[in-house]
Amino acid sequence: MDAFQILAKDHRAVEQIFEQIEKSDNRGAKHREQLFHKVRQELKLHTQIEEKVFYPELKRHDGTKKLVGEALLEHGEVEQMLQEIGRLSPEDDQWSEMVNELKLAVQHHVREEEDQMFPAARRELDQSRIDEIGRRIEEMKQNAGA
Ligand SMILES: [Fe+2]
Ligand SMILES: [Fe+2]
């Protein structure tokens, strides 16, 4: 399967979990905890896959290598936010604020990937390479039980 389609599908899945979190309220702390756990798992696996399989490929091409540094910084910021939220209780007022900040940070990163990085990568890589990366992504997902 085309690597970009798989990664974009992950992005949509994460957006959906954020929507579910927004619809939940702070009386359902347990439910919120579960949703946060889910979004954290999804983001963790997705960023690992990008860092192991996708970004290293981008570093090898002139038209994409400049984009990798900022993307990695943003992954780091997201990871930090996940850790901070993990230390809070969903009942804290701060929890919703932080989750909203996380959502915005993820949104910004996803837009850069889909609007700049993916189109640039499509120009640099041929379809067979894109499919090969897609196969490696699917393998990593299977190994992770996702
Ligand atoms: Fe990313
Ligand atoms: Fe991504």
Side-chain angles (χ1 to χ4, degrees), residues 1-24 28 30-90 92 94-146:
M1 199 184 182
D2 182 295
F4 304 115
Q5 282 174 11
I6 304 173
L7 295 174
K9 207 172 139 201
D10 285 355
H11 293 162
R12 300 294 86 77
V14 164
E15 281 161 10
Q16 272 189 356
I17 306 170
F18 276 123
E19 261 178 53
Q20 283 178 285
I21 293 177
E22 274 172 0
K23 276 189 231 146
S24 72
K30 186 91 202 133
H31 183 52
R32 283 191 154 184
E33 197 85 71
Q34 284 165 351
L35 290 170
F36 174 68
H37 181 74
K38 206 167 144 189
V39 85
R40 188 176 191 167
Q41 293 293 107
E42 287 273 348
L43 284 168
K44 210 172 156 183
L45 180 60
H46 180 81
T47 52
Q48 269 175 3
I49 285 172
E50 287 182 338
E51 288 174 20
K52 282 199 180 134
V53 178
F54 183 46
Y55 291 178
E57 179 72 28
L58 300 183
K59 278 197 200 153
R60 298 168 52 201
H61 301 272
D62 286 339
T64 47
K65 62 182 176 199
K66 306 177 298 295
L67 302 171
V68 177
E70 196 191 340
L72 286 172
L73 276 180
E74 289 173 355
H75 280 190
E77 282 165 15
V78 164
E79 173 55 28
Q80 245 182 340
M81 286 182 188
L82 287 167
Q83 281 179 24
E84 278 174 47
I85 298 166
R87 286 192 285 268
L88 298 170
S89 156
D92 296 344
Q94 234 197 325
W95 191 90
S96 300
E97 278 169 39
M98 283 290 302
V99 168
N100 192 49
E101 266 180 53
L102 172 70
K103 187 192 81 171
L104 295 175
V106 170
Q107 233 168 39
H108 166 85
H109 178 73
V110 160
R111 273 195 203 128
E112 279 183 350
E113 286 189 337
E114 293 190 16
D115 296 347
Q116 292 169 35
M117 183 186 270
F118 292 3
R122 267 201 200 283
R123 285 191 293 272
E124 293 284 348
L125 309 175
D126 54 35
Q127 191 61 45
S128 65
R129 191 75 196 122
I130 294 168
D131 290 336
E132 169 60 24
I133 295 168
R135 272 193 293 277
R136 289 176 59 201
I137 292 174
E138 277 173 338
E139 225 173 76
M140 274 188 79
K141 278 177 178 279
Q142 266 164 15
N143 291 340

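Indexing begins at 1, ligand by ligand and atom by atom, following the structure's order.
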* Residue E113 atom name (nearest to the Fe ion (ligand 2); N/O/S) ->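 The closest N, O or S atom of E113 to the Fe ion (ligand 2) is OE1.
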* **Metal check, the Fe ion (ligand 2) vs H46 N/O/S, cut-off below 2.8 Å** => yes
* Of E50, E42, K44, Q48, which is the lone residue that meets side chain to side chain contact (heavy atoms under 4.5 Å, CB included) with H46? ->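 Of all the options given, the one that passes is E50.
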* Geometry at the Fe ion (ligand 1) - E50 OE1 versus H75 NE2 angle, rounded to 10 degrees ->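 Nearest ten degrees: 90°.
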* Structure fact -> Row for the Fe ion (ligand 1): angle OH (Y55) to NE2 (H109), 10° precision, value 90°
* Asked: Judged by modelled atom types alone, do H108 and E112 share a side-chain donor-acceptor pair under 3.5 Å?
  ->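 Looking only at side-chain atoms, E112 and H108 do form a donor-acceptor pair, the distance falling under 3.5 Å.
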* To do: Answer yes if the side chains of N143 and E139 hold a donor-acceptor pair under 3.5 Å, and no otherwise.
  =>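 Result is no, nothing qualifies.
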* Structure fact -> For M81 and L102 the tightest heavy-atom approach is SD-CA, 3.6 Å
